[in-house]
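A short write-up of the structure that comes next.
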Amino acid sequence: MKNTIDKFNRHIMPTYGRYDVVFEKGDHRTATDEKGKQYIDFGSGIGTNSLGFCNENWVTAVCKQVQTLQHTSNYYYTKVQSDFAEKLSSITGYSKMFFGNSGAEANECAIKLARKYSFDKYGKGRHNIITLTNSFHGRTLCTLSATGQDVFHNYFFPFVEGFINVTPNDIDDLKSKLDDTVCAVMFEYIQGEGGVIPLEQSFVDAIFTLCAEKDILTIADEVQTGVGRTGKFLAGDNYARKANITTLAKGIAGGLPMGVCLADEKCADVLSKGTHGSTFGGNPIICAGGSAVLEYISDPGNQSEVTAKGNYLREKLLSIPEIISVDGMGLMLGATLKTKTAAEVVQTALDNGLLLLTAKEKLRFLPPLTITYEEIDKGIEILKTVL
């Protein structure tokens, strides 16, 4: 293990606060390190391994595609991309989509789409995008600028202009800033990196009502909340609201890099030939993995299981005296601790064979959607020991 870590540190930029563990393989909801120690996964690669490690159907689909056609370019058509797009469109109800490689890229596409929609219809000067304080939209220069956390606004000056922050759940603040320079409001239904904090229904309703009155587009960043994570395919379904533009990534391809920008009929054809692109977007192998994920998620029984398992996990967490409260939906939960710090707990849990995440001061839980009740119980017993 030391040899691997030393090699890593010699050759890879130190942009992550890594833990001293080297993973060698994974099976369903269990990861195994170089020494053979096993870990129950309550983080799924920050919500990315939606079907767990090496799900059989996913592996079969990906390996078959690897042996068939790994890449062409987006100058050509492929059946696997068209089939995946048709399935995703059917599930979400969106008209068209653009494929990239990450959540940040999906959000960049959404920003460009919103600004071009407004430019085409109203001309220059209507380019501002409202985002929420405490939001997180990515680490590219533009999506960092959109992110509503001052801690990220450093070092890389000048940042991209045209973003205005509004306080979450403050309808008056939203109203005061929705002027004729705004082309879109961009938000997360549940602020993930910001602490697993759901928006209030009344505030979400206000966003959609006010934007509709002014022909301002709504952009839902569902990079972390989408693909069944909250018990519905889209978190917006829990609010009975559908944004003009929705972005997906993380769990959409089960551990392979994909970002998707979905657009409704109002703005489906705004990005015309030459206005956007991605070399690897819609790659056949990635789409094959994504199709396996959609096959699992589109089963209503599996969707309801996410809700049921989420409720079960919430109850188990609330039974631990050290945990004050639990926020979130489905299998996207954040626990507030009484006396311990989340970072210390994550490290100690790792030492005891449980993979956890943090979200600011909270413990964050994003287990694979396929996790079993027995595995939840086993992970909770480790967490109880740690707490």
Side-chain angles (χ1 to χ4, degrees), residues 71-122 129 137-138 142-143 183-189 208 211-212 215-223 225-228 232-237 241-253 256-291 293-295 297-298:
H71 185 71
T72 57
S73 84
N74 283 314
Y75 286 119
Y76 312 108
Y77 298 94
T78 61
K79 185 178 186 301
V80 64
Q81 185 178 150
S82 67
D83 288 346
F84 176 75
E86 181 181 49
K87 182 70 170 178
L88 185 56
S89 181
S90 174
I91 292 172
T92 62
Y94 279 95
S95 298
K96 292 186 180 179
M97 62 197 72
F98 177 87
F99 291 120
N101 309 286
S102 67
E105 287 184 47
N107 286 336
E108 288 264 356
C109 180
I111 290 165
K112 288 178 68 175
L113 196 163
R115 286 182 170 171
K116 188 171 185 297
Y117 171 86
S118 190
F119 182 89
D120 290 347
K121 199 167 182 179
Y122 301 100
I129 295 176
H137 297 295
C142 185
T143 55
C183 68
V185 176
M186 186 176 189
F187 58 92
E188 305 155 277
Y189 288 104
F208 281 83
C211 286
D215 192 26
I216 292 171
L217 297 182
T218 51
I219 304 172
D221 177 343
E222 294 228 30
V223 168
T225 59
V227 198
K232 302 285 187 180
F233 190 85
L234 297 177
D237 294 337
R241 291 292 185 175
K242 181 182 175 184
N244 300 114
I245 303 167
T246 288
T247 58
L248 301 173
K250 291 198 181 291
I252 187 65
L256 296 175
M258 175 183 278
V260 187
C261 179
L262 298 160
D264 66 8
E265 292 181 1
K266 188 173 187 176
C267 51
D269 296 313
V270 168
L271 291 178
S272 53
K273 184 171 68 175
T275 57
H276 201 47
S278 170
T279 296
F280 293 104
N283 173 273
I285 296 169
I286 313 302
C287 286
S291 292
V293 171
L294 294 187
E295 183 179 351
I297 299 297
S298 60

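Applying the side-chain contact (heavy atoms from CB on, under 4.5 Å) criterion to T92, with sequence neighbours excluded, gives L88, Y94, F233, L234, L262. Partners of Y117 according to the ring pair (Phe, Tyr, Trp, His ring centres under 6.0 Å) rule, which considers only residues two or more places apart in sequence or in another chain, do not exist here. For N283, the side-chain hydrogen bond (donor to acceptor under 3.5 Å, both in side chains) partners at least two apart in sequence or on another chain are H71. R115 is linked by a salt bridge (Lys or Arg N to Asp or Glu O under 4.0 Å) to nothing, counting only residues two or more places apart in sequence or in another chain. Partners of K79 under the salt bridge (Lys or Arg N to Asp or Glu O under 4.0 Å) rule, at least two apart in sequence or in another chain, are D83. For D269, the salt bridge (Lys or Arg N to Asp or Glu O under 4.0 Å) partners at least two apart in sequence or on another chain are K96.
With hydrogens and angles ignored, the 3.5 Å screen pairs no side-chain donor or acceptor of T218 with any backbone N or O of A243. Q81 places a side-chain N or O within donor-acceptor distance of the main-chain N or O of G282, the cut-off being under 3.5 Å. Of the possible polar contacts, one joining the N107 side chain to the H137 backbone as a donor-acceptor pair under 3.5 Å is found. S90 places no side-chain N or O within 3.5 Å of a backbone atom of E86 that could act as its donor or acceptor partner. The main-chain N or O of M186 is never found under 3.5 Å from a side-chain atom of D221 such that the two would form a donor-acceptor pair. Side chain of K112 to main chain of T275: a donor-acceptor pair is present (N/O by atom type, distance under 3.5 Å, no hydrogens or angles).
A pairwise comparison of heavy atoms in F208 and K242 identifies CE2-O, 3.3 Å as the closest pair. Taking both residues in full, the closest heavy atoms of G259 and A249 are given as CA-CB, 4.0 Å, listed atom of the first, atom of the second, then distance. Of all non-hydrogen atoms in A253 and V293, the two that sit nearest each other are C-CG2, 3.8 Å. Between G236 and E222 the shortest heavy-atom distance is N-OE2, 3.0 Å. Taking each heavy atom of N74 and G281 in turn, the nearest pair found is ND2-O, 3.0 Å. Heavy atoms only, all atoms of each residue included: G103 and V223 are closest at CA-CG2, 3.6 Å.
A distance of 11.5 Å separates CG of L113 from OG1 of T247, quoted to the nearest 0.5 Å. We find the CD1-CG distance between I285 and L256 to be 8.0 Å, quoted to the nearest 0.5 Å. The distance from the NZ atom of K266 to the NZ atom of K121 is 6.0 Å, given to the nearest 0.5 Å. Interatomic distance, F98 CZ to S278 OG, rounded to the nearest 0.5 Å: 5.0 Å. Note that CG of N244 is 8.0 Å distant from SG of C211, once rounded to the nearest 0.5 Å. The NZ atom of K250 sits 15.0 Å away from atom CE of M258, with the distance rounded to the nearest 0.5 Å.
By the 6.0 Å contact criterion, CZ on F280 is open, its count of non-hydrogen atoms from other residues, nucleotides or ligands being 12 or less.
Residues M97 and S89 form a side-chain contact, since some pair of their non-hydrogen atoms from C-beta on lies under 4.5 Å apart.
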So D215 and Y122, side chain to side chain contact (heavy atoms under 4.5 Å, CB included) or not? Walk me through it. CA-CA 10 Å; D215 192 26; Y122 301 100; 2.5 Å; yes

Side chain to side chain contact (heavy atoms under 4.5 Å, CB included), that's the test. Do I252 and F84 meet it? Break it down for me. CA-CA 11 Å; I252 187 65; F84 176 75; 4.0 Å; yes

Under the side chain to side chain contact (heavy atoms under 4.5 Å, CB included) rule, what do C183 and L217 come out as? Steps first, then yes or no, please. CA-CA 6 Å; C183 68; L217 297 182; over 6 Å; no

